[in-house]
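Taking it in order: structure first as structure tokens, then the write-up.
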2 protein chains.
Amino acid sequence: MPRPRFARLDPEQQENILSVATEAFAAEGFGVSYNELIARTGLSKGSMYYYFDDKRDLFLTVIERSMGQLLIAPEPPDWGSADEFWAGLRGLYNTLMAAFQLQPEAAGLSRALIDARRTGQLGDELVAWEERLGAWMGGLLVQGQRLGAVRSDLPPDLLLAGAMALGEAADTWLLTQLDSGDLNGAVDLAFEFMKGSLEAR
Amino acid sequence: MPRPRFARLDPEQQENILSVATEAFAAEGFGVSYNELIARTGLSKGSMYYYFDDKRDLFLTVIERSMGQLLIAPEPPDWGSADEFWAGLRGLYNTLMAAFQLQPEAAGLSRALIDARRTGQLGDELVAWEERLGAWMGGLLVQGQRLGAVRSDLPPDLLLAGAMALGEAADTWLLTQLDSGDLNGAVDLAFEFMKGSLEAR
DNA sequence: CATCGGTTCGACCGGTGGTCTAAGAACTAG
DNA sequence: CTAGTTCTTAGACCACCGGTCGAACCGATG
């Protein structure tokens with residue numbers, strides 16, 4: 001997160017920095033040259049490091065700002081039955097995709113985030129984030145198993161790895177479908193794929 | 001691939017270079033410092049670049065040498081029925097894992113390869129390799145569909161993305177199970193997971 | 001006016017992968 | 001044996017990367 005000073009900076013300048021960074025990261029991913037990004041803001045390197053600890057700090061700030069409300073809630077929701085479980089999950093997906101359609105740069109950032117996470121370019125903060133995601137997903141799977149919605153015939157770590165891989169593949173595929181006419185149908189398909197792989201049989 | 005000169009180099013020196021590189025890449029992945037790797041071979045930078053175009057060239061050479069016979073065959077096998085299809089696939093997995101157990105460094109290299117591919121650190125050559133893998137997997141899926149073994153109710157690109165994600169997750173998980181007692185059982189589980197997700201229903 | 005904290009700036013650092021030229025080694029022709 | 005040519009080696013050098021740091025600047029306060 002940015003140094004407290006950043007809040008005291010001229011709001012116009014704040015907006016300038018964040019919008020330049022958002023555009024850069026969304027378009028080119030985390031791999032974009034920080035030197036170049038800084039130059040694009042018009043600030044000097046020293047000033048940039050005066051407000052943000054480092055590149056990751058700025059990246060995460062941008063992510064938080066653009067996708068804060070979309071990001072995984074700390075607690076998985078609590079559903080009462082297997083049907084509710086799948087319907088609720090389906091609802092989460094819908095919400096997410098609708099939000100992506102309204103904020104196109106969020107989709108770009110999401111791609112950048114997935115990519116940077118994969119790459120391991122982000123240090124402790126994102127490792128923590130990844131653990132949070134794993135824990136959230138793991139909690140979800142356990143809940144689903146308790147409700148009899150999720151299969152219990154696989155080792156938990158394999159199930160989790162598979163679920164996360166499928167989720168990521170589905171997300172990535174859905175991001176390619178954002179502009180296709182039938183987003184709802186696409187979400188249906190991706191979701192059915194995941195459900196079919198994970199549900200109790 | 002290495003410059004032709006490399007073949008004319010003293011075999012002992014060849015072996016030295018490749019084994020140092022194998023060890024380095026297997027242990028630390030593609031991200032290992034090339035400068036450091038070169039220093040570890042005892043060669044000068046100039047000499048290294050005299051024999052190999054660049055880091056990727058050496059990496060791919062090492063991959064090819066250690067895992068050449070394991071890598072995807074150009075043509076997917078041809079099976080006659082749905083049962084044969086799944087049994088054949090299962091057999092492929094078994095062969096691969098057995099080989100990994102016999103050549104531990106191949107497992108490390110495999111991890112490095114998966115990782116580098118993900119990261120996009122490897123340029124055209126690996127993009128080509130990835131396309132080959134995609135085409136192979138795609139061909140496999142089409143064949144499976146023809147035999148009624150693989151589901152046909154999803155868009156091909158979604159099915160392919162899911163299959164590759166599942167395959168990668170399964171591979172990665174299996175690589176963590178190499179030292180566990182029951183490798184056969186682990187392959188069973190991972191394979192059943194994939195099969196359950198992809199088979200016609 | 002002097003001081004002093006907050007702010008700005010860019011030179012600088014060690015690292016990366018990759019290039020290039022000049023010297024050395026080895027082989028060939030006369 | 002020598003002169004010329006080609007193959008090989010060595011490491012200085014390059015542009016770039018993310019990140020650091022001290023000097024200068026600026027505005028408010030005493």
salt_bridge(Glu15(B), Arg65(B)) N-O dist < 4.0 Å: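 Looking at Glu15(B) and Arg65(B), the cut-off is met.
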salt_bridge(Lys55(A), Glu36(A)) N-O dist < 4.0 Å: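 No, this pair does not count.
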Polar atom pairs between nucleotides 9-13 of chain C and protein, under 3.5 Å, N or O only, would you list them?
residue	atom	partner	partner atom	Å
dG10(C)	O6	Gly46(A)	N	3.3

Under-4.0 Å side-chain N/O to phosphate OP1/OP2 contact, Ser33(A) with dC16(D):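 So the side-chain polar atoms of Ser33(A) never come under 4.0 Å of the phosphate oxygens OP1 or OP2 of dC16(D).
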Distance test, side-chain N/O of Arg8(B) to OP1/OP2 of dT8(D), below 4.0 Å: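 True: Arg8(B) side-chain N/O within range (under 4.0 Å) of dT8(D) OP1/OP2.
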Side-chain donor-acceptor contact under 3.5 Å, Ser44(A) with Ser47(A):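 Their side chains do contain a donor-acceptor pair, which is all the 3.5 Å distance test asks for.
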Residue pair Tyr93(A) / Asp171(A), side-chain donor-acceptor N/O under 3.5 Å: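 Tyr93(A) vs Asp171(A): donor-acceptor pair found between side chains.
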What integer distance in Å separates [X]:[atom1] from [N]:[atom2]?
X: Asp54(B); N: dT16(C); atom1: CG; atom2: C1'; value: 14 Å
X: Arg56(A); N: dC17(D); atom1: CZ; atom2: C1'; value: 15 Å
X: Leu37(A); N: dG18(D); atom1: CG; atom2: C1'; value: 12 Å
X: Asp10(B); N: dT8(D); atom1: CG; atom2: C1'; value: 13 Å
X: Lys55(B); N: dT16(C); atom1: NZ; atom2: P; value: 9 Å
X: Phe52(A); N: dT8(C); atom1: CZ; atom2: C1'; value: 16 Å
X: Met48(A); N: dT20(D); atom1: CE; atom2: P; value: 14 Å
X: Gln13(B); N: dT9(D); atom1: CD; atom2: P; value: 8 Å

At under 4.0 Å between heavy atoms, what does [X] touch on the DNA or RNA strands: base, sugar-phosphate, or nothing?
X: Tyr50(B); value: base
X: Tyr51(B); value: sugar-phosphate
X: Tyr49(A); value: base
X: Arg3(A); value: nothing

Atom pairs under 3.5 Å: protein N/O with N/O of nucleotides 24-27 of chain C:
none

Donor-acceptor pair, side chain of Arg5(B) and main chain of Tyr50(B), under 3.5 angstrom: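 Judged by distance alone, yes, a pair lies under 3.5 Å.
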Nearest heavy atoms of Leu37(A) and Val32(A), plus distance in Å: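 The pair with the smallest heavy-atom distance is CD1-CG1, 4.2 Å.
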Minimum-distance pair of heavy atoms, taken over all atoms of Arg3(B) and Tyr49(B):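 In this case the closest contact between Arg3(B) and Tyr49(B) is NH1-O, 3.7 Å.
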Gln13(B) atom CD: more than 12 heavy-atom contacts under 6.0 Å: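 Counting neighbours around CD of Gln13(B), more than 12 heavy atoms of other residues, nucleotides or ligands fall under 6.0 Å, so yes.
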Over 12 foreign heavy atoms within 6.0 Å of CG, Asp182(B):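 Count over threshold, so yes.
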Neighbours of DNA chain C within residues 24-32 of chain B, by heavy-atom distance under 4.0 Å: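 Residues of residues 24-32 of chain B under 4.0 Å from DNA chain C: Val32(B).
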